[in-house]
Structures are given as structure tokens and as C-alpha cells.
Protein chains: 2
Amino acid sequence: MRLYSIEMTLSEEDYIKAIYHLSQIDSKSVATNAIAEQMKTKPSSVTDMIKKLSKKSLVNYKKYQGVSLSEEGRMVALSIIRKHRLWEVFMVNKLNFSWDEVHVVAEQLEHIKSDTLIDRLDAHLGFPKVDPHGDPIPTKEGTFKKSVKKLISELPILSEGVCIGVNDSSAAFLKFLDKNKIALGDTFKILDREDFDGSVSISTRVGTIRISEQIASNLYLEIRDAE
Amino acid sequence: MRLYSIEMTLSEEDYIKAIYHLSQIDSKSVATNAIAEQMKTKPSSVTDMIKKLSKKSLVNYKKYQGVSLSEEGRMVALSIIRKHRLWEVFMVNKLNFSWDEVHVVAEQLEHIKSDTLIDRLDAHLGFPKVDPHGDPIPTKEGTFKKSVKKLISELPILSEGVCIGVNDSSAAFLKFLDKNKIALGDTFKILDREDFDGSVSISTRVGTIRISEQIASNLYLEIRDAE
DNA sequence: ACTATTATTTAGTTTTATCTAAATTAATTT
DNA sequence: AAATTAATTTAGATAAAACTAAATAATAGT
Ligand SMILES: [Mn+2]
Ligand SMILES: [Mn+2]
Ligand SMILES: [Mn+2]
Ligand SMILES: [Mn+2]
């Protein structure tokens, strides 16, 4: 993960990260419009930036064919994600933030340039493996356990797993979870799914409850014994 | 110190901080060239930025007359300095950095925008009053104990005080201090000064030593019982 | 008071990251 | 296969922050 420290602007870093995340969803090459939407900018701006990143050989690009990260680009993405998630752990574990408050600030902190800083922060936090949302933290070398988390709405009946994250971290949703005694770290089993409305019956630590499709598509489980 | 959160770029913040520091040295209005030197930029760039800051009424400016910070400008400066110094304390106290390593990274961290973050960091660090170099940390409200630190070279004979900071934080100088058993927190008394070369005789915790003018003009003492 | 020197500002460019509007290519329908 | 629609790129503009070179104002020396 060291490479030879390519100089990158904040903007370039955010684009690289966006491309990484989009290519996770849909492993093929990433569309210009998708990047524009993610970055809340215009497709023409994306094209400009893609050309720049391509010149730096951080992405593979052919006109009208979309982009994918090069190996260097992937490493840059992982190093930014590593920083983002370590700062999130710091804010939650050391500064008593709650998990829904940290993302915006981590968006800024992830751009601080200092390898020493991030190494020592990692040590200070006890080398955490996941961030407060349950997402894995890449190592310095750019390796990390591939996420095995899936949305409840995507899992087959009888799946069992630990609740490790949410999609929607709005205050309203978090309040709902609290009220229904659903918390990070709880183990759930999917008992049944209603084809009609997609609602799901799950067993939790307080008994069996039924959740709507909307809720099920916002809760991630980590599946046991996955590779 | 809250004001109504003026939007400021990183560059504007660094200029405001530079103007603040320069006006501390020499309380009058600050010269364009002095800012250019401090910021390692050209006078013409400084003029451009001054006009911008003046439009935002963060500085008082009349052509050819130099600039001074407005009251808002002073508050902005103090809030950046507060952040800079708190991050320095964090790196030294929590991440085991040494005091000569933290400044460059703090130059970046001071620009992170989050009032909550800095408040919680302050609490996490136990509301420190000084940074690792002995410089005072402004409060949220923009008040702080006026520095009573003086260079040994500027103090009269028989002054006594606690060593709280250095001017030159090069590795070579810090090594020298270590070798001579001079550390932050030690109490020194100035016994004698040689007019010929400005060298000074001081009593330290390991006995009496003689230091050159060059060393004396790099060590700050905090004088006891000053207001 | 005049001149030389220094400090500061202005004018005109450059680079980076945006944007809008127009042109082009790709994909979908009929 | 032609026409329509959608996606993408190009062209041209703008704003921020820098620069160089030239002009102007302030200061100092005689
Ligand atoms: Mn970011
Ligand atoms: Mn996260
Ligand atoms: Mn800075
Ligand atoms: Mn300091």
C-alpha cells in the first residue's frame, strides 16, 4: 500500500473512491453518469476528471466504454477507505460519537496525508478490523476480508447472521431499530418471507418479529462461516 | 467563537492565521511582503487574497497601508489556532508522536470543519491549556492566557522560569537539548550573561551550564507569577 | 526637493475544477 | 434499418488561487 506516494488532490481522491464503490456494486466498468450521480456533479465534469485520472494511469478508460480502476487506482481507493474507516472508529470509540454522526466528518479526515499518523491511529485503536457500520477496514497492504454482508431482503430463508450494518442511517430509522430492540451485534435468523409484500419474519434476541420489505432492505447481516 | 460560521477555504484560513501570527510579533498593521514571505508566495498573490478577505470583512485594508485583522478575523484565527494546537496535543499525548513531528500534520488537521469534533477532542484530551510546544490553547470563546513566555536571550539576569518551548524544532537542536539534559518542564535560573558574545550561564536540574546566544534565542521560559 | 530604492498593486496568464449547451456515439424501439 | 432516446464527449466559460512582468506609490538618501 505504500507505492511511491502519488500526489493527489482531494477531488481526485473522492472520484477514485466513488469509482471503487460503484464497481463493487456492479463489477463491470463504471458508467460516467453513475459517477456523476454519486459525486453530485455533471457528466461532463466526470469526463474531464476521468481523462486526468487516466493520464495518471489510475483508471482504465476508453471513450464511451466506461472506466475501471487500475491496480494502482485500487490501492489508492483502499488507502482512502482505510483512513475513512479508522477515523470513524476513532470518533465512535474514543470521542463517543454515535455511528450515524461520523460519516460526514470522516469524508474530510480521510484526505489527511500522513502515513505515520494513520499507522499510529490504527495502533491507538487496537488494530480494529471493522468500522462502526460493520464495514471491513483494509490493511496497509490493501488486503481485507471481502465483505460477506448481505441485506436481509437479499438472503434466502433460514439464513442466519449477525447484524452488522445499515443502509439508511437516518435518525428515524435508528429510532425504529431501538424501539424494536435491534442493535449491531445481534444474531438473527430469517424464518419466512411473504412473497406478496416482501415482508420477512425473523427471530431476534427478544423473540420473533415481522419486518417490512423496506426495513429488510436496510439491514445488513454478516453470514457465518462464509469464506 | 461560534459567529455564524463563515465559509472559508483552506487557503483563506492559512492567510488569516499568518496575518494573526505576524501581528503578534509587531502589533501594527502587517505588510504585504511579510505575508508573502510567511506564506511562501508572491506579494501579488497576497494582494489578491487581501482584497478577498477585505470583502468578507475579515481584515481591515487600505491600499499601501498594510492589513490588520478585524474582530471577526481575529476570531477565525483563534479558532484555527485552537484546532491546530489541540490536534498537536492529541498526536503527542495519545499517539506518541514527539513534539517536533506534529506541526506539519496539524497544518492539515486544523482545517477540518466540525465544531462537535473539536469540542469532543478537547474533552477527550482533558481540556489542555497548552500545546506540546508550550503555546496556549484558545478557548471556544476565543480567550486564552496571554503568553508570558520569553526567550532566554530576552530575559534579564536572575530571571527564573519553566522551559516551555523552542523556536527551532530541528532534529539537530532537539538532539542538543537532549544531550544537555534540557527538557520541557525543567526550571531554569539565568545566572549571568556575557556581553561580548551573548552567551548565558544558567542553572539547570543537573548543575550550571553555559549556553551560546544562538541556543538562548531558541529556548522559551514561562515566567513565574506573571499576570 | 530630487533621485534611487523598496514595497505594493495592476494587468495579463496559467492550472484546476467546475458548469452549460451543443455535438456525437450507443442503445432501444418501431 | 431507420428513428428515437439515452449516454457520453467536446467546446467554450467561469471562479479560485497561483504566477510573471510592468506600473505605481511610499520611503530613504543625498
Ligand atoms: Mn472525502
Ligand atoms: Mn463507515
Ligand atoms: Mn494549514
Ligand atoms: Mn504548536
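Order of the sequence lines fixes the chain letters, A, B, ..., with proteins taken first and strands second; residue numbering starts at 1 for each chain. Keep in mind that this is a model prediction, so the values were computed, not measured.
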d([atom1], [X]; [atom2], [N]) in whole Å:
{"X": "K62(B)", "N": "dT9(C)", "atom1": "NZ", "atom2": "P", "result": "13 Å"}
{"X": "M8(A)", "N": "dT15(C)", "atom1": "CE", "atom2": "P", "result": "20 Å"}
{"X": "N33(B)", "N": "dA25(D)", "atom1": "CG", "atom2": "P", "result": "17 Å"}
{"X": "K42(B)", "N": "dT13(C)", "atom1": "NZ", "atom2": "C1'", "result": "16 Å"}
{"X": "M49(A)", "N": "dT8(D)", "atom1": "CE", "atom2": "C1'", "result": "17 Å"}
{"X": "D48(B)", "N": "dC19(D)", "atom1": "CG", "atom2": "C1'", "result": "10 Å"}
{"X": "E12(B)", "N": "dA15(D)", "atom1": "CD", "atom2": "P", "result": "16 Å"}
{"X": "K55(B)", "N": "dA15(D)", "atom1": "NZ", "atom2": "P", "result": "11 Å"}

Should the pair E7(A)-K56(A) be classified as a salt bridge under the 4.0 Å nitrogen-to-oxygen rule?
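Salt bridge flag = no for K56(A) with E7(A).
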Does a salt bridge link R74(A) with E71(A), judged by any charged N lying under 4.0 Å from a carboxylate O?
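A salt bridge is present here (some side-chain N lies under 4.0 Å from a carboxylate O).
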Would you please indicate yes or no on a ring centroid separation below 6.0 angstrom for F90(B) and F97(B)?
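Here the rings of F90(B) and F97(B) have centres that are no less than 6.0 Å from each other.
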Check every atom of dA18(D), dT8(D), dT8(C) against the side chain of A31(B) and return the nucleotide holding the closest atom.
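Selected nucleotide (nearest to the side chain): dT8(C).
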As a test of reading the structure: which of dT9(C), dC19(D), dT18(C) is closest to the side chain of S45(B), going by heavy atoms?
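The closest nucleotide is dC19(D).
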So, is [X] near the phosphate of [N], with a side-chain N or O under 4.0 Å from OP1 or OP2?
{"X": "Y61(A)", "N": "dT9(D)", "answer": "yes"}
{"X": "Y64(B)", "N": "dT10(C)", "answer": "no"}
{"X": "S11(A)", "N": "dT16(C)", "answer": "no"}
{"X": "T47(B)", "N": "dT9(C)", "answer": "yes"}
{"X": "K63(B)", "N": "dT10(C)", "answer": "yes"}
{"X": "K51(A)", "N": "dT10(D)", "answer": "yes"}
{"X": "Y15(B)", "N": "dA18(D)", "answer": "yes"}
{"X": "S44(A)", "N": "dT9(D)", "answer": "no"}

Any side-chain to backbone donor/acceptor pair from R120(A) onto M91(B)? Under 3.5 Å, distance only.
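Here the side-chain-to-backbone pair does not exist.
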Starting from the 5' end of DNA chain C, give me the residue, T9(A) or A34(B), whose nearest nucleotide shows up first.
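Comparing both residues, the 5'-ward one is A34(B).
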Parallel under 30°, tilted from 30 to 60°, perpendicular over 60°: which one fits the rings of W87(A) and W87(B)?
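Ring orientation, 0 to 90° scale: perpendicular.
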